[in-house]
Amino acid sequence: MPAFQTSPGMRDILPADSARWRRLNGVFAEVVEAAGYGQIITPLLEDIGVFTRIGDATDVVTKEMYAFEDLGGRQVALRPEMTAAVCRSFAQHRPTVPWKVWYTGSNFRYEKPQRGRFRQFDQVGVEVLGVDDANLDVEVIALASEFFQRLGLRRVKLIVNSLGEPEDRARYVEALAEHFEQCDLSEQSRATLTKNPLRVLDSKREQDAGAIATAPKISEFYSAEAAEHFATVCAGLDRLAIDFEVEPTLVRGLDYYRRTIFEFQGATLDSAQNALGGGGRYDGLVEALGGPATPGIGFALGVDRTLLACEDEGVFASDDRRLDAFVVDVVGGGAAVEVTAELRAAGLAGDRGYDNRSMKAQMKLANRSGAAFALIVGEDEDANNTVVVKPMARDAGEQQTIPRTDLISHLQHELRNLR
RNA sequence: GUGGUCAUAGCUCAACAGGUAGAGCACCAGGUUGUGAUCCUGGCGGUUGGGGGUUCAAGUCCCCUUGGCCACCCCA
């Protein structure tokens, strides 16, 4: 019963998990940097208008924002997503296009937490501004796909769809509303219908299944350009041998999407929150934020959910931390301080015991640390300028007494033999 | 926001129909006066999430509250 604990939906990522966290970020950075993307770091806090001005009617911006007035009287919000912030940045700095950026960081949404859903959650993602080419859509989807592959995930399902041009989408929404009006929808879907008919397609309730199955299809409303754009995307994915399914009911959450949209689902995730990530085109978003008319596309992947999927697929088999050496300081003198510093200066990973604890206690620490060698500094060693080097592995041979001057080169030699 | 469910030691969990809280793991120490991982012995550790009520007596029953989990919703 601690006096304080993390606020609901927020948590500490402790060392055991943060290593995986770092690995995921590392893999992502490798994949996207190799494709010409540069990292962008934007503030956690933005003018609230960055998120509201785009006219999004979703819960994300209407009900779930951490919004408040700062001490200067500005209306601000913790970012609930990254895309709008990146577009704001584009409109502010007007970089030359194509502008290809990637990011990693936290977002905030005031939702009720459950498995795979937190109030502070991390995403990695990319955004590209200023390119209309459908082949870019292919590239962006391929990058996410490559990232999952590189992580070691095998059972990630890709679904894609196109919402058509804005006019196509508008006509479709109208037709959809008309259709659903005549159906016996669930109460919740009826409420959704008045806000955004598209999202009724997302309903998982059985009562709505029939109405959704008989609903008009977006593909019937595509203009020639939209149809061609989408066909190019599908052909490109085929060409790269990326498995995907066209899912006509995929609409994605945020309202600003146009044309290509896609989502990655964890096939193994036994959870309601199985969307690992998704994205799409949002031509028009930059303009809505006061910039020039600029096409855009991107995706965001949930770090927590991707890590859950990794867990389920057993991707991280062995990730225990390993030290090269652990210094056991029996005399509590300066020798151990020097030895530890020399280790680290030589680029070896080393820790040590403190508080003059018994040799036995410190050996236990050495064992627990996973160090390859224990370096014992006792009375004799301190007096003779030597260190006992003891291999910790079960069958790694006898310990040796080594002169301090030879310690580092001896260790480096021994470590090489271990690998 | 709605619904369900749960809350006991640092962790995982016990405690018959209300009788005054226990185990494993972890941690610490000793067995081994300079040596871990095994083994043995011992130790530390809890106002049973918080508050109120019923009762001679509440971890156990009732109410409120806080938090976790799961689902709806929403979405990553």
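Worth saying up front: this structure is predicted, and the values here are computed from it rather than measured. Note on naming: letters A, B, ... go to the chains in the order of the sequence lines (proteins, then strands), and numbering restarts at 1 for each one.
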Counting the atoms with a prime plus P, OP1 and OP2 as sugar-phosphate, which does A:Lys364 contact under 4.0 Å by heavy atoms, base, sugar-phosphate, or nothing?
sugar-phosphate
Regarding A:Arg357 and A:Asp355, does a basic nitrogen lie under 4.0 Å from an acidic carboxylate oxygen?
no
Treating A:Glu263 as the side-chain partner and A:Ala275 as the backbone partner, does any N or O pair qualify as donor plus acceptor under 3.5 Å?
no
With heavy atoms under 4.0 Å as the rule, sort A:Glu381 into base, sugar-phosphate or nothing.
base
Considering only atom P, compute the distance from B:rG24 to B:rC39 and round it to an integer number of Å.
13 Å
What nucleotide, of B:rA71, B:rU35, B:rA37, holds the atom closest to the side chain of A:Lys390?
B:rU35
Gap between atoms CZ and P, on A:Arg117 and B:rC70 respectively (whole Å):
11 Å
Between A:Arg119 and A:Asn367, which has a closest nucleotide on RNA chain B that is more 5'?
A:Asn367
Could you check which nucleotide pairs with B:rU20 in any of the strands shown, counting Watson-Crick or G-U wobble with both distances under 3.5 Å?
none
Nearest-neighbour nucleotide for the A:Asp380 side chain, B:rC72, B:rG34, B:rG36 considered
B:rG34
In whole Å, measure the gap between the P atoms of B:rG3 and B:rU8 for me.
24 Å
Applying a 4.0 Å non-hydrogen cut-off, can you work out what A:Gln399 is touching in the nucleic acid: base, sugar-phosphate, or nothing?
base
The nucleotide from B:rG67, B:rG36, B:rA76 with an atom nearest the side chain of A:Gln5 is B:rG67
Heavy atoms under 4.0 Å, any strand shown: does A:Ile376 hit a base, just sugar-phosphate, or nothing?
base
Spell out, as yes or no, whether a donor-acceptor pair under 3.5 Å connects the side chain of A:Arg109 to the backbone of A:Pro80.
yes
Do A:Arg368 and B:rC27 share a donor-acceptor pair, side chain to base, under 3.5 Å?
no
For A:Lys112 and B:rU5, give me the distance from atom NZ to atom P, rounded to whole Å.
13 Å
What is the nucleic acid contact for A:Gly353, judged by heavy atoms within less than 4.0 Å: base, sugar-phosphate only, or nothing?
nothing
Nearest-Å distance once atom C1' is located in both B:rA23 and B:rG31:
24 Å
P atom, B:rG42 versus B:rC25: distance in rounded Å?
13 Å
Value in whole Å for how far the P atom of B:rU2 lies from CG of A:Asp59:
14 Å
B:rA76 C1' sits how many Å from A:Phe147 CZ, rounded?
12 Å
For a quick test of reading the model: is some side-chain N or O of A:Thr192 closer than 4.0 Å to OP1 or OP2 of B:rC74?
yes
Phosphate OP1/OP2 of B:rG36 contacted by A:Arg394 side-chain N/O (<4.0 Å):
no
Taking the minimum atom-to-atom distance to the side chain of A:Met392, which one of B:rA76, B:rG67, B:rG36 wins?
B:rG36
The side chain of A:Phe121 is closest to which nucleotide in this list: B:rG34, B:rG36, B:rA76?
B:rA76
Searching all strands shown, indicate the nucleotide that pairs with B:rA37 (Watson-Crick or G-U wobble; both distances under 3.5 Å).
none
Using only side-chain N and O atoms of A:Gln114, determine if any of them is under 4.0 Å from OP1 or OP2 of B:rA71.
yes
Given RNA chain B, 5'-ward residue of the pair A:Asp122 and A:Pro391, judged by closest heavy atom
A:Pro391
A:Arg259 vs A:Asp132, test: salt bridge (Lys or Arg N to Asp or Glu O under 4.0 Å). Steps then yes/no.
CA-CA 11 Å; A:Arg259 298 194 278 182; A:Asp132 200 57; 2.7 Å; yes
Angle class for the A:Tyr66/A:Phe108 ring planes (parallel below 30°, perpendicular above 60°, tilted otherwise)?
perpendicular
Using the C1' atom in both, what is the distance from B:rA21 to B:rU47, to the nearest Å?
13 Å
Quiz question: going by heavy-atom distance under 3.5 Å, is there a donor-acceptor pair between the base of B:rA76 and the side chain of A:Glu111?
yes
Whole-Å distance, A:Asn274 CG to B:rC70 P, equals 14 Å
Students often get this wrong, so: under 4.0 angstrom with heavy atoms, is A:Arg357 touching a base, only sugar-phosphate, or nothing?
sugar-phosphate
If pairing requires Watson-Crick or G-U wobble contacts with both distances under 3.5 Å, which nucleotide is the partner of B:rA71?
B:rU2
C1'-based separation of B:rG46 from B:rG22 [nearest Å]:
11 Å
Distance, rounded to the nearest Å, where A:Asp355 contributes CG and B:rC27 contributes P:
17 Å
Over how many whole Å does the gap from A:Arg109 atom CZ to B:rG1 atom P extend?
18 Å
Rounding to a whole Å, what distance do you find between A:Met65:CE and B:rC75:C1'?
15 Å
I'd like to know if A:Glu313 and A:Arg154 make a salt bridge, using a cut-off of under 4.0 Å between side-chain N and carboxylate O.
no
So if I take every side-chain heavy atom of A:Met359 and compare against B:rU35, B:rA71, B:rA76, which nucleotide ends up nearest?
B:rU35
Rounding to the closest angstrom, what is the interatomic distance between B:rC62 and B:rA17 at atom P?
14 Å
Could you please name the partner base of B:rC25, counting Watson-Crick and G-U wobble pairs only when both distances are under 3.5 Å?
B:rG10
In whole angstrom, give me the gap between the P atoms of B:rC72 and B:rC13.
24 Å
If only atom types and distance count, is the side chain of A:Lys100 paired as donor or acceptor with the main-chain N or O of A:Val32 below 3.5 Å?
no
Report yes or no: do A:Trp102 and A:Glu33 form a side-chain donor-acceptor pair below 3.5 Å?
yes
